[in-house]
Each structure stands twice: as C-alpha cells, then as structure tokens.
Visitor: 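I'd like to ask some things about the structure below.
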Amino acid sequence: MYHLLINREKLNIAKILKSGQVFRYEVIDGKGYILIHKLNYVFVEENKHGYVFHCSEEEFINIWYIYLDLERDYVRINQIIIDKDKRLTKVIDEFEGMRILKQDQFEMLITFIISQSKSIPQIRKLVNNLAVCYGEEIGYVYGEKIYSFPTAQHLQQLTEDDYRTMKFGYRAAYLYEAVKWSINLNKDMNSLSDIDLKQQLVSIKGVGNKVVACVMLFGYGRHNTFPIDVWMKRIMLQLYESEIRKELKNPEVKNIRDSQIESYGLKLYGETAGIAQQYLFEYGRNI
DNA sequence: TCCCAGGTAGATC
DNA sequence: GATCTACATGGG
C-alpha cells in the first residue's frame, strides 16, 4: 500500500471526477474513489491528511502519477490563466486541485463519439455498458465489480447493428468506423504534430472538431486544444463576445462559428488552453 | 407532446 | 464558405 500524503490544493479527486472529463470511476461514499486506467484500477482512500493509494509505489509512479498529470505545475499554469483573465480567479481558487487526466486514447475516442447529443449521466451509462459487456473483469472492490474499457480488438467482432441493439442510435456507424480505424493504425500517433494528429482523427466518419479536441486533450495530452461544445460556446460568448467579433471579417454576423470561438480561445490561452477550458466550463456551470 | 442533451455529415445556397 | 436539418434515444 502506497501512502501518498498529498494535499487537495495539488490534487482534488472529487473535483476532477465531477469536471466532465472522465466517465468511468466509482465513488465509495465516505471512503474514497476507484480510478480505472487500461487494465489497472486503484482504490484511493481519502482521509483528513490527503490520499492513500492502495497499490505499490511502483504502480503509483508508473501509472497513476502519469494518469493524474502530477508532473505538471498547475500553480504556475493557473497564474498564467489568471493573468489572461482576472475574472477566472474565483473559479480557479474554488477548483483548486483540478487536473487534466491522461486517459486511454481509444477509450477517449469511443467515449466522445458516444457523447454527442447526450447528457453526462447518459454517456456514463452507455460507456459503462460497453465495459461490462466487452471489457475484462479486472477487480472487485467494496461490492463493485471493476471492468476495463474494451480495446479495439475486443470490439472488432461487433457489427453496426450490435451497437444499435445497445442503444447507441445513430452513433452506431461512427463507432464501427472508429474501431476499424483503430485496428488499422500502424504508426505511432503520439509522434505526430498537433495538426497532423487532428487531421488523422477528423478523417474518421462521425468524428468532428469537438470530439477531436477532446480526444487530443484528454487522451493525447495535447493541452494546446480548446474543445467547443454548447456550454463553452455560451460561456465564451458571455465573456468575450465583443473581442471575438473584433477578429471577424464581418463583426455584424448573426451567428458566431465554433471555429471562431476556438481560435480566440487558443490565441488567448495558448499552451494553457486545455486547462483554461476546464475552468471556463466550471465557471459556466456555476452561473 | 415537445424540447433538449459535451455533435456531425450531407445538402443547399 | 455559411446555414439548415436529419440522425436515435432518454429524460424533464
């Protein structure tokens, strides 16, 4: 058992799990949390001093330290973001300990394809169904069976109709395509530039700008991305509409495009855009 | 019954 | 290049 005494200013698991970036985890009331990554899971006990990871030190360093993005200096990044916009001071302070998880790339691709036009509880349900039906049983904690998320190989056997039977609706064809694409991958996507990676991902049918940005941010650790969904659009227009309009060829247009909001976010927040986006998302949800 | 939910592709102008 | 709409399903 690895005792890691880490304060909640640096790591706040409750806030991370509620931040909308991760869909597979368990909260054990009054005791702690279960985190899941590939074929690994860990029970993280919460006490007044901090967190205790119920795993070896080796596993903590090799898996959970990376998953939780603990190497990155969020204090420095938070200050950069506040310098860009002082209005985020309060939400960053209240959301202290939030981090961008580095999750499984295939899981992110599938999860965010599923996410289109679905509420967060519905996404969790569909994604968990997939894990229960096609993942592997990897553990048993506090009466909960823990499943891994299926790999592309696990899902290779499924037809489009199988996904429809599982209530994925029109996303069925997209899921089928994404699995096929993943099976046929023959190069290391991690070595690609942001632009090339984006180009590859967006070539999958059913994968557009928003899903690509989420996969790049939460799966590939590309923090220079700024996903625009309905929430972000509302928040960004509320905070920056006049500034965004100044950048447009025709500042009088009725509808501002997602890509224009994305450009502004990337320009303003640069390498911290992905993290800024999480704070903005939280800022908007609390209005 | 109607409307919306962490969107996207395809048609149309 | 901008705008409109169908696409499945579930929940309020």
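Values below: all heavy atoms of this structure, side chains included; hydrogens, waters and symmetry mates excluded.
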Visitor: Tell me if the side-chain of A:K210 makes a donor-acceptor pair with the base of B:dT8, cut-off 3.5 Å, by modelled atom types.
Guide: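 There is none.
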Visitor: Within the 4.0 Å heavy-atom criterion, would you say A:F168 contacts the bases, only the backbone, or no part of the nucleic acid?
Guide: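 Answer is nothing: A:F168 stays at 4.0 Å or more from every strand.
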Visitor: Looking for any heavy atom pair under 4.0 Å, which part of the strands does A:Q277 touch: base, sugar-phosphate only, or nothing?
Guide: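 Contact class for A:Q277: base.
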Visitor: Take A:Q21 and A:V207, find for each the nucleotide of DNA chain B with the closest heavy atom, and name the residue whose nucleotide sits nearer the 5' end.
Guide: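 In this pair, the answer is A:Q21.
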Visitor: Under 3.5 Å, which N/O atoms of the protein pair with N/O atoms of nucleotides 2-5 of chain C?
Guide:
residue, atom, partner, partner atom, Å
C:dT3, OP2, A:R257, NH1, 3.1

Visitor: Looking for any heavy atom pair under 4.0 Å, which part of the strands does A:R234 touch: base, sugar-phosphate only, or nothing?
Guide: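 Here A:R234 touches the backbone only, sparing every base.
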Visitor: Just checking A:S115: base, sugar-phosphate only, or nothing, at a heavy-atom cut-off of under 4.0 Å?
Guide: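 Counting heavy atoms under 4.0 Å across all strands, the contact made by A:S115 is with sugar-phosphate only.
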Visitor: Using a strict cut-off of less than 4.0 Å between a Lys/Arg side-chain nitrogen and an Asp/Glu carboxylate oxygen, indicate whether A:E247 and A:K267 qualify as a salt bridge.
Guide: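 Yes.
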Visitor: Is a salt bridge present between A:D93 and A:K90, judged by a nitrogen-to-oxygen distance below 4.0 Å?
Guide: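 Result for this pair is no, no salt bridge flagged.
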Visitor: For a 4.5 angstrom cut-off between non-hydrogen side-chain atoms, does A:K15 reach A:E282?
Guide: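 With C-beta onward as the side chain, the pair stays apart.
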Visitor: Of the listed nucleotides (C:dA8, C:dT9, B:dT8), which one gets closest to any side-chain atom of A:K118?
Guide: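 Output: C:dT9.
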Visitor: When we call it a touch if two heavy atoms are under 4.0 Å apart, what does A:G20 touch: a base, just sugar-phosphate, or nothing?
Guide: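 Base contact.
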Visitor: Looking across every strand, which nucleic acid part, if any, lies under 4.0 Å from A:R164 by heavy atom: base, sugar-phosphate, or nothing?
Guide: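 Since only primed, P, OP1 and OP2 atoms lie under 4.0 Å of A:R164, the category is sugar-phosphate.
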Visitor: Test A:L130 against A:F168 for side-chain contact (heavy atoms from CB on, under 4.5 Å), laying out the working first.
Guide: CA-CA 10 Å; A:L130 212 47; A:F168 286 104; 4.0 Å; yes
Visitor: Step through it carefully: locate the ring centre of A:H154, locate the ring centre of A:Y134, and say whether they are under 6.0 Å apart.
Guide: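 So the answer is no for these two rings.
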Visitor: Are the aromatic rings of A:F112 and A:F23 close, with centres under 6.0 Å apart?
Guide: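 Centroid separation for A:F112 and A:F23: below 6.0 Å.
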